[in-house]
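Report on the structure given below.
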Amino acid sequence: MSAKIIDGKAIAAEIREELKKEVEEMKEQHGVVPGLVTILVGQNPASVSYVTAKQKTAHELGFYSVQDDQPEDIPEDELLNLIDKYNNDPKIHGILVQLPLPKHINEKKVINAIDPDKDVDCFHPVNLGRLVIGGEETRFLPCTPAGIQELIVRSGFETSGAEVVVVGRSNIVGKPIAIMMMQKGPGANATVTVVHTRTKDLASHCKRADILIVAAGVPGLVKPEWIKPGACVIDVGVNRVGEKKSEKTGRMIPILKGDVDFDAAKEIAGAITPVPGGVGPMTITMLMKNTVRAAQYAIGK
Ligand code: GUN
C-alpha cells in the first residue's frame, strides 16, 4: 500500500493560522506586535530567496518586520554593533542573521552576540543548553527540528516509546531533533538512536525505526529496504541535483532531491514527507512561532 504523503505546506498553513490569532490577541490585549529583523550580509542568491520568504511570511502574520541588507565586505565589528543595536531595540523580539556569512566574519562570534532571548533561530549556546535541560527551561526550539516534531505529531504518529532513528548529527538538525525526541513530554518520550557516517551498519539501525528522520545531505541515501513497513519517514534532505525550466515562470529552477529514495520508499512507509513540500515549508513557520514566543516572553518580563 502506498504511504500517506505528509503535506508540509498544509500543516505549515494550519500553524500560521493559529499564529495569526495569537498575534491579534497580543495586539488587542497588550498593544504589542511581534518584531523580527532579518540581517543579510551580501547577496548570495539562495540566502536572498530564503530571507525574502521569511519577510513575506512575517508580513502576512502582521509582524513588525525589518529587512536589514549589509554589504558583503561589512567589517565584523560593525556587524556585531548592528546586532547590539537590535538587542537593545524594544520593537524587535527576534534577530536572525542569515547564514552562511562571508569568510572574514566569525559565525560563532555573531551567533554568540545575539541576545539569547531574541535568538529565534535557537543557535545560541544558551538556548541549546536550555533545550538539553528541557521542560520549563526550554525557551525556543530550533526551527527545522521543531517543524519535524510538528509534522510527526500532526500526522498522528505516537512518539512515546517509539524507536526513533536520526540519520545525521549536525548542530542544526540531527543533534537537536535527537534531544527533543528523547525528552520527557508530549511529542517526545521516544527511544532515540543517532547514526552517522561512521556508523557500521546504517541499514540495520534504520530498519528498526518506527520514525525515521533523515538529515544526511546525501541524495537517495536511504533505500526502500532500509524502511520498516508502516514507518513514518521524515526526509530533511534538500539536495540540488540539477536545474530545470519552471513551467510557471520559464526561469531555470533547481531540481531538488531528498535523502530518501521517495518513489520506492512510499510503497513501504506508512507516511512520508515529499521533497520539496515536506519539512521545507515548516522551517519558516517555526521561525515565526519562535518570534511570537519571544514577544510573549518580552511581555512577561
Ligand atoms: N541559512 C540556511 N538556513 C538557515 C537558518 O535556518 N537560519 C539562518 N540564520 N541561516 C540559515
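Just follow the structure's listing: the first ligand is 1, and inside any ligand the first atom is 1.
- Listed by number with element, the atoms of ligand 1 under 4.0 angstrom from any heavy atom of Gln98 are 1 (N), 2 (C), 9 (N), 10 (N), 11 (C).
- The N/O atoms of Pro100, backbone and side chain alike, include none that comes under 3.5 Å of an N/O atom in ligand 1.
- For atom 8 (C) of ligand 1, the nearest non-hydrogen atom from the set Asp121, Leu101, Ile172 belongs to Asp121.
- Between the side chain of Gln70 and the main chain of Leu79, no donor-acceptor pair closer than 3.5 Å is present.
- Listed by atom number, the atoms of ligand 1 under 4.0 Å from Leu99 heavy atoms are 1 (N), 2 (C), 8 (C), 9 (N), 10 (N), 11 (C).
- With salt bridges taken as basic N to acidic carboxylate O contacts below 4.0 Å, one links Lys20 and Glu17.
- Atoms of ligand 1 found under 4.0 Å from any heavy atom of Phe123, numbered from 1 in the order shown, are 7 (N), 8 (C), 9 (N).
- Between Lys289 and Glu150, at least one side-chain nitrogen of the basic residue sits less than 4.0 Å from a carboxylate oxygen of the acidic one, meeting the salt-bridge criterion.
- Without hydrogens or angle criteria, Asn189 side chain to Gly185 main chain gives a donor-acceptor distance under 3.5 Å.
- Ligand 1 has no nitrogen or oxygen under 3.5 angstrom from a nitrogen or oxygen of Tyr50.
- Inclusion of Val97 in the set of residues having an N or O under 3.5 Å from an N or O of ligand 1 is warranted.
- At under 3.5 Å, not a single nitrogen or oxygen of Thr283, backbone or side chain, sits near a nitrogen or oxygen of ligand 1.
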Side-chain donor-acceptor pairs under 3.5 Å in residues 130-147, sequence neighbours left out?
{"unit_1": "Arg130", "atom_1": "NH1", "unit_2": "Asn127", "atom_2": "OD1", "d": "2.8"}
{"unit_1": "Thr138", "atom_1": "OG1", "unit_2": "Arg130", "atom_2": "O", "d": "3.3"}
{"unit_1": "Arg139", "atom_1": "NH1", "unit_2": "Asp117", "atom_2": "OD1", "d": "2.8"}
{"unit_1": "Thr144", "atom_1": "OG1", "unit_2": "Thr283", "atom_2": "OG1", "d": "3.2"}

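- Judged by distance alone, the side chain of Asp68 and the main-chain N or O of Thr38 form no donor-acceptor pair under 3.5 Å.
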